[in-house]
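Structure, as structure tokens:
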Amino acid sequence: MSEYILVIDEGTTSTRAMLFTRDGTCTASEARDLTQSYPRPGWVEHDAAELWAKTYACAAAMVDRAGGPDRIAGIGITNQRETVVFWDKRTGEPLAPAIVWQDRRTADTCAMLRERGEEAAVQARTGLLLDPYFSGTKIGWALENWPQLREAGHNLAIGTVESWLVWKLTAGEGHGGLHVTDATNASRTLLMGLGSGQWDDGLIDLFDAPRAALPEIIDCAGEFGRTSLFGGSIPICGMAGDQQAATIGQACLKRGDAKATFGTGAFILANAGTTPPRSKNRLLATVGWQISAKRTYAIEGSVFVAGSLIQWLRDSIGMLGDAAESETLARSVADNGDVYLVPALSGIGAPWWKPEARAAISGLSFSSTRAHIVRAALEAMAHQAHDLKTAFAADGADWASLRIDGGMVRNDWIAQDLADMLAIPVERPAFTETTALGAAMLAGVGCGWFADLEAASAMRGNVEAFGPEISDEVREVRLNGWRAAVRSVVEGAG
């Protein structure tokens, strides 16, 4: 009897496989750390072969835990978005490093295209802005700079991470795998028309992407193919980029529902309904999910550095022994001591979109301590979220409440600080790994467990609420200090 959904959650710093039951309980998980390479300042790469090997190992462990492939009703996949993989269709092996979403190597290309006046038309077609974050300029750069990709000719395959994983899962002896991508990931490439849901010839020409190497765009739920790598045949039934999966996992199924995921970066999405939205405040429009060829859209604000800031303070600066220590230090001081940290370690995202910006710590004095700097780092999460709330409100999509998830919000101090600075209720589910849960919900719809996402939302479970506890005056003092700090960083970037 098939009683589990197997979820593959392939992130930026780790890959995991998890088993979910129909009621949303995660009964087991297996994780492996991933290696990120930084060959030059601003460049970030993954080894796609390592991504697959570690993903396979985690998935195989979960199949064993489930009691064999017959116990698994379907596989759901969720992934780091915008990261691009290049492989050979004949061998199924990578041809070059995977270029990670954090990579900034195409900043000059984006600036050149903006100077040519291309951004307005790109935004109108895709809902996105010209930034190295997205996949399109990465693809063009790779084709220009890595001759082995050109030499591969019609055997070249290009895809985001879920596309790579599906290829490897479905490839068999003597034949290649399925070359597909779901609509949410396709909508992050700068190559898909947001309204049409298909590759756009004009965009493909603009970014010099080889159309024949791109995957077919498909739904987020349904039976896409099957894998026989684990000793039996298991259907692949759900796919979505990580932030869209988290939006589903948080049951943001009505227009206006908003969620924020605080992981490596921070990403806030609000359900925008079935009509493609248009932002006038440098937010992104994206596909929230697509089922039976019908798309639900979202408005998104992207913060490039969130949990990676704490990792940097721990691993590169030596300011923390472990991530949990950050909450203890934040509580050890009454306030930030006028210290502000703008975490533009890989540029600054929405609503500023300054890839050349660099991080800054301001307001230091002899009275500043390690605790003040760490507290300023945690406070930056709520400060950046407030900037996004302001932009969403200006677009007519203000949040009445915010549903939060991701590894960072296990920290109660951060959850309360978000409620305080946003001045709205904040909800945290008991199970915070809602990215994986959203993939399980999609796979549950795809394999027939549930009729639709509304029925699948029963998997979400209990939530905990945080309400604002500070005065308007205290909030405004902090925000004024943040505005000055972020303005100096943005203006310094030109």
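Positions are given from 1, in the same order as the sequence printed here.
With hydrogens and angles disregarded, a donor-acceptor distance shorter than 3.5 Å links the side chain of Arg475 to the backbone of Asp420. Remark: the backbone N or O of Val84 is not paired with any side-chain donor or acceptor of His46 at under 3.5 angstrom. Side-chain atoms of Thr247 never come within 3.5 Å of backbone atoms of Leu269 as a donor-acceptor pair (strictly under, hydrogens ignored). Between the side chain of Asn480 and the backbone N or O of Val477 there is no donor-acceptor pair closer than 3.5 Å. With Thr83 contributing its side chain and Gln80 its backbone, the two residues share no donor-acceptor pair below 3.5 Å. A donor-acceptor pair is defined here as one N or O able to donate and one able to accept, closer than 3.5 Å; no such pair exists between the side chain of Thr25 and the backbone of Thr21. Side chain of Arg125 to backbone of Ala120: no donor-acceptor contact under 3.5 angstrom is found. A distance-only check finds a donor-acceptor pair linking the side chain of Thr126 to the backbone of Leu128 [under 3.5 Å]. A donor-acceptor pair under 3.5 Å links the side-chain atoms of Arg278 to the main chain of Ala124, judged by distance alone. Without hydrogens or angle criteria, Ser471 side chain to Val474 main chain gives a donor-acceptor distance under 3.5 Å.
Taking each heavy atom of Ala17 and Leu6 in turn, the nearest pair found is CB-CD1, 4.0 Å. Between Arg104 and Tyr133, the shortest heavy-atom contact is NH1-N, 3.6 Å. The minimum heavy-atom distance between Gln36 and Tyr38, with the atom names listed, is OE1-OH, 3.4 Å. Nearest approach of Ile424 to Ala400, heavy atoms of both residues: CB-O, 3.7 Å. Heavy-atom minimum distance, Cys110 versus Pro132: SG-N, 3.4 Å. Among all heavy-atom pairs drawn from Pro276 and Gly195, the shortest one is CG-CA, 4.1 Å.
Looking at Asp412 and Arg428, a side-chain N of the basic residue comes within less than 4.0 Å of a carboxylate O on the acidic one, giving a salt bridge. A salt bridge links Arg460 to Glu427: one of the charged nitrogens lies within less than 4.0 Å of a carboxylate oxygen. Electrostatic pairing of Glu300 and Lys259 does not count as a salt bridge here, judged by no charged N lying under 4.0 Å from a carboxylate O. Under 4.0 Å is where a charged nitrogen must lie from a carboxylate oxygen, and between Arg114 and Glu118 no such pair does. For Arg16 and Glu30, the salt-bridge test fails: no basic side-chain N is under 4.0 Å from an acidic carboxylate O. A salt bridge does not link Asp405 with Arg410: every distance from a Lys NZ or Arg NE/NH1/NH2 to an Asp or Glu carboxylate oxygen is 4.0 Å or more. Salt-bridge check for Glu325 with Arg370: passed, with a basic side-chain N closer than 4.0 Å to an acidic carboxylate O.
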Under the salt bridge (Lys or Arg N to Asp or Glu O under 4.0 Å) rule, what do Glu119 and Arg282 come out as? Steps first, then yes or no, please. CA-CA 11 Å; Glu119 186 166 71; Arg282 299 186 68 75; 3.3 Å; yes

Candidate pair Ser163 and Val85, rule side-chain contact (heavy atoms from CB on, under 4.5 Å), full reasoning: CA-CA 9 Å; Ser163 185; Val85 182; over 6 Å; no

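Other residues, nucleotides and ligands place more than 12 heavy atoms under 6.0 Å from the CG atom of Asp23. Counting non-hydrogen atoms of neighbouring residues, nucleotides and ligands closer than 6.0 angstrom, the CZ atom of Arg255 reaches no more than 12 such neighbours. Atom CG of Asp338 is surrounded by 12 or fewer heavy atoms from other residues, nucleotides or ligands within 6.0 Å. For CZ of Arg65, the number of neighbouring non-hydrogen atoms (other residues, nucleotides, ligands) closer than 6.0 Å is 12 at most.
Side-chain N/O atoms of Thr15 and Thr55 include a donor and acceptor closer than 3.5 Å. No side-chain donor-acceptor contact under 3.5 Å links Gln102 and Glu82. Counted by atom type alone, Asp395 and Ser279 present one or more donor-acceptor pairs between their side chains at under 3.5 Å. A donor atom on one side chain and an acceptor atom on the other are found under 3.5 Å apart for Glu162 and Thr160. Side-chain atoms of Asp242 and Asn79 include no donor-acceptor pair closer than 3.5 Å. With 3.5 Å as the limit, one finds a donor-acceptor pair spanning the side chains of Arg478 and His383.
If you look at Phe392 and Trp399, their ring centroids are closer than 6.0 Å. Note: Tyr4 and Phe20 fail the aromatic proximity criterion, with ring centroids not under 6.0 Å apart.
Judged by the 6.0 Å and 45° rule, Arg105 forms a cation-pi pair with Trp141. For Arg81 and Phe267, the positive end sits near the middle of the six-membered ring, less than 6.0 Å away and at most 45° from its axis.
Taking 4.5 Å as the limit, every side-chain heavy atom of Asn462 sits out of range of all side-chain heavy atoms of Phe431. With a 4.5 Å cut-off on side-chain heavy atoms, His386 and Trp482 do not count as touching. Between Leu364 and Ile373 there is a side-chain heavy-atom pair separated by less than 4.5 Å. Between Ile414 and Phe262 the shortest side-chain heavy-atom distance does not fall below 4.5 Å. Side-chain contact between Asp335 and Val333 is absent, with no heavy atoms from C-beta onward closer than 4.5 Å.
Between the CG atom of Leu34 and the CD atom of Glu10 there is a distance of 5.5 Å, given to the nearest 0.5 Å. Distance check, rounded to the nearest 0.5 Å: CH2 of Trp289 to SG of Cys252 gives 7.5 Å. Annotation: the span from Lys354 atom NZ to Ile348 atom CD1 amounts to 10.5 Å, rounded to 0.5 Å. One finds the CG atom of Leu165 at 10.0 Å from the CE atom of Met239 (value rounded to the nearest 0.5 Å). Interatomic distance, Thr106 OG1 to Asp103 CG, rounded to the nearest 0.5 Å: 7.0 Å. Taking CZ of Arg188 as the reference point, atom OG1 of Thr184 lies at 9.0 Å (rounded to 0.5 Å).
Under the side-chain contact (heavy atoms from CB on, under 4.5 Å) rule, Tyr297 has a single partner from Thr275, Leu194, Thr286, which is Leu194.
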